[in-house]
**Student:** 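Quick one: this structure, given as structure tokens, is what I'll be asking you about.
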There are 2 protein chains.
Amino acid sequence: MVAMKSGSGNETRPRGRPRAFDRDEALDAAMRLFWRRGYDATSISALTEAMGLTPPQLYAAFGDKRRLFEEAVGKYLAETGAFAAAALERPTAREAVEALLRDAARELTAPGQPPGCFCVLGAVNCGPESAGVEEDLRRHRAASEAAIRTRIETGLGVGELPAGTDPAALAKFYTGVFQGMSFQARDGASRSDLERVAELAMSAWPG
Amino acid sequence: MVAMKSGSGNETRPRGRPRAFDRDEALDAAMRLFWRRGYDATSISALTEAMGLTPPQLYAAFGDKRRLFEEAVGKYLAETGAFAAAALERPTAREAVEALLRDAARELTAPGQPPGCFCVLGAVNCGPESAGVEEDLRRHRAASEAAIRTRIETGLGVGELPAGTDPAALAKFYTGVFQGMSFQARDGASRSDLERVAELAMSAWPG
DNA sequence: CCATATTCGTAGTGATCACTACGTAAATGC
DNA sequence: GCATTTACGTAGTGATCACTACGAATATGG
């Protein structure tokens with residue numbers, strides 16, 4: 001992979017001294033460390049070492065620890081986490097949820113990246129001073145559950161599911177299964193372990 | 001509940017100056033704080049405040065932070081966590097797992113105590129220096145999964161389940177559901193939310 | 001009363017935390 | 001060349017971390 005550093009085009013260069021590192025590479029290293037250890041347990045010194053930066057470089061480029069984390073979350077959702085939104089676009093609600101769980105079994109145990117979902121595990125057990133970070137990820141999880149519920153409601157609306165099906169309960173169940181799978185991935189579960197979990201979870205699908 | 005402080009009987013008293021606090025009450029306060037915030041995010045100063053002790057009192061009575069945590073885990077498993085072992089003693093494997101999840105829906109959201117399972121949430125995202133604590137709880141979780149698997153194997157052995165049922169896969173599924181429920185409890189799920197999750201999970205039971 | 005044993009309260013220890021002040025280096029605009 | 005702008009490296013900041021040294025206090029055993 002030949003690296004062509006940022007914007008070699010004819011855009012006007014910024015005014016001052018150019019940055020001596022690749023901002024996106026540094027952000028990627030930060031994301032992976034936050035992902036593996038969680039917000040609170042990831043110290044600035046661990047970050048600077050993983051990112052190959054000095055503390056002033058980190059602060060100048062990313063603001064502070066919290067904003068760096070938020071950027072890392074955004075990068076995760078846009079890259080690794082994209083499979084989830086893609087799965088929900090399948091033609092039927094059942095296929096959508098099934099794809100979500102099957103793809104999750106693969107993604108949550110993918111080699112070369114931390115096990116489990118960053119959005120689930122990245123900010124558990126934060127101290128009182130960083131409770132806001134925990135709350136931010138909680139909102140992301142709530143949004144994911146809402147997206148699943150909306151997908152199920154759509155399927156119910158076009159008659160894919162038995163009348164009387166409770167989309168909110170179903171969405172909470174599959175959200176819980178996904179979060180359980182994340183936890184089990186961090187506890188060492190393999191891809192095939194999680195695929196069996198996904199298969200059993202789908203056998204609870206109504207109808 | 002009239003409190004009768006420890007051992008008023010005719011046992012010989014210890015030699016030196018008596019302790020000025022109730023050790024079990026202090027341990028209970030520590031357990032609840034660890035349970036709510038997790039190992040790393042619970043500082044000694046937060047513990048001493050919650051337990052009503054000075055640091056030297058805490059260290060003299062409990063050793064160090066890690067041993068205090070281990071004692072808190074033991075107390076949790078013996079008290080709050082006892083419902084799980086009790087559920088597995090039901091006459092059939094299905095009743096056992098169903099009771100486990102139904103009782104979990106109640107216990108994980110019980111008023112007056114932190115939401116979720118201490119054994120699941122108490123040591124997530126520990127830093128490198130306290131990774132051993134995380135590993136200790138991981139072993140407890142593995143033991144719980146093994147207990148569920150054994151219960152299912154017993155049921156399979158007496159013909160409760162269809163031949164060809166995979167006890168390990170089933171145990172991992174229900175363990176994952178339980179862990180997901182713990183996570184959702186901390187995210188604000190209600191008892192009835194979790195009861196619906198439990199009911200859906202049971203609809204995946206083979207046969 | 002005295003020796004022994006254990007806990008008490010006061011007041012800190014060095015290490016690490018997130019974060020930054022400051023002077024220098026390297027780019028652009030004119 | 002020279003002002004301006006931005007990033008650089010060095011070297012720290014006060015706060016909090018888990019943990020403890022030390023002498024006084026309070027119990028038992030004789």
Side-chain angles (χ1 to χ4, degrees), chain A residues 5-8 10-23 25-27 30 33-34 37-72 123 125-133, chain B residues 5-23 25-26 30 33-34 37-72 123 125-133:
Chain A
K5 292 293 169 71
S6 67
S8 59
N10 28 12
E11 65 210 24
T12 35
R13 297 264 188 79
R15 277 281 252 122
R17 176 174 177 173
R19 198 174 270 129
F21 59 94
D22 185 313
R23 193 180 185 280
E25 277 180 17
L27 177 57
L33 202 58
F34 276 134
R37 297 195 187 162
Y39 179 80
D40 262 5
T42 304
S43 67
I44 293 289
S45 68
L47 285 165
T48 54
E49 186 182 342
M51 300 164 82
L53 304 180
T54 63
Q57 282 179 305
L58 187 155
Y59 282 93
F62 298 102
D64 60 10
K65 188 183 176 185
R66 169 122 185 220
R67 280 199 287 266
L68 173 58
F69 183 81
E70 286 166 359
E71 265 200 71
N125 286 338
C126 287
E129 297 181 1
S130 48
V133 178
Chain B
K5 293 293 170 72
S6 67
S8 59
N10 28 11
E11 64 211 26
T12 36
R13 297 266 187 78
R15 277 283 245 118
R17 177 174 177 172
R19 197 173 271 130
F21 59 94
D22 185 312
R23 193 179 184 281
E25 276 179 17
L33 202 58
F34 277 133
R37 296 195 187 162
Y39 179 80
D40 262 6
T42 304
S43 68
I44 293 289
S45 68
L47 285 165
T48 54
E49 186 182 343
M51 300 164 83
L53 304 181
T54 64
Q57 283 179 302
L58 187 154
Y59 282 92
F62 298 102
D64 61 8
K65 187 183 175 183
R66 167 117 186 226
R67 280 199 288 264
L68 173 59
F69 183 80
E70 286 166 0
E71 266 201 69
N125 287 339
C126 286
E129 298 181 0
S130 47
V133 178

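In the text below, chain A, chain B and the rest are named by the order of the sequence lines, each starting its count at 1. Computed from a predicted model, the values in this text were never measured in an experiment.
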**Student:** What's the CG-P distance between B:L58 and C:dG9, to the nearest Å?
**Tutor:**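 Atom CG in B:L58 sits about 13 Å away from atom P in C:dG9.
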**Student:** If each of A:P18 and B:I44 is mapped to the nucleotide of DNA chain D with the nearest heavy atom, which maps nearer the 5' terminus, i.e. the 5' end?
**Tutor:**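 Between the two, 5'-proximity favours A:P18.
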**Student:** Take B:Q57 and B:T54, measure what side-chain contact (heavy atoms from CB on, under 4.5 Å) needs, and give me the verdict at the end.
**Tutor:** CA-CA 5 Å; B:Q57 283 179 302; B:T54 64; 3.3 Å; yes
**Student:** Look at all strands and tell whether B:A60 reaches a base, only sugar-phosphate, or nothing, counting heavy atoms closer than 4.0 Å.
**Tutor:**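 Nothing: the residue B:A60, judged by heavy atoms under 4.0 Å, touches no strand.
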**Student:** For the base of C:dT7, is there a side-chain donor-acceptor partner from B:R19 under 3.5 Å away?
**Tutor:**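 Looking at the base of C:dT7, it does not pair with any donor or acceptor on the side chain of B:R19 (distance under 3.5 Å).
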**Student:** Need to verify one output field. Residue with the more 5' nearest nucleotide on DNA chain C, B:E129 or B:P56?
**Tutor:**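 First, find each residue's nearest nucleotide; the 5'-ward one identifies B:P56.
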**Student:** Scan A:T42 against the nucleic acid and name what it touches under 4.0 Å (heavy atoms): base, sugar-phosphate only, or nothing.
**Tutor:**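 Result for A:T42 = sugar-phosphate.
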**Student:** Can you confirm whether A:Y39 sits close enough to B:N125 that some side-chain heavy atom of one is under 4.5 Å from a side-chain heavy atom of the other?
**Tutor:**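 They are not in side-chain contact.
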**Student:** What's the shortest heavy-atom distance between A:A41 and B:C126, and which atoms?
**Tutor:**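 Of all heavy-atom pairs spanning A:A41 and B:C126, the closest is CB-C, 3.9 Å.
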**Student:** So what does B:P55 hit on the nucleic acid, given a heavy-atom distance under 4.0 Å: a base, only sugar-phosphate, or nothing?
**Tutor:**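 Base: the residue B:P55, judged by heavy atoms under 4.0 Å, touches a nucleobase.
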**Student:** Among A:P56, A:S43, A:P55, find the one that has a side-chain contact (heavy atoms from CB on, under 4.5 Å) with A:T48.
**Tutor:**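 Exactly one option meets the side-chain contact (heavy atoms from CB on, under 4.5 Å) with A:T48, and it is A:P55.
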**Student:** For A:R37 and A:T42, which heavy atoms make the closest approach, and how far apart are they?
**Tutor:**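 Smallest interatomic distance, heavy atoms only, reads CB-OG1, 3.5 Å.
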**Student:** Tell me, please, the opening and closing nucleotides of DNA chain D, 5' to 3', among those with an atom under 4.0 angstrom from a non-hydrogen atom of chain A.
**Tutor:**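 Taking any atom under 4.0 Å from a heavy atom of chain A, the span is D:dT4 to D:dT10.
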**Student:** How many Å lie between CZ on A:R17 and P on C:dT24, as a whole number?
**Tutor:**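 It works out to 13 Å between those atoms.
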**Student:** Can we say A:E71 and A:R67 salt-bridge, meaning some charged N sits less than 4.0 Å from an Asp/Glu carboxylate O?
**Tutor:**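 No, A:E71 and A:R67 are not salt-bridged.
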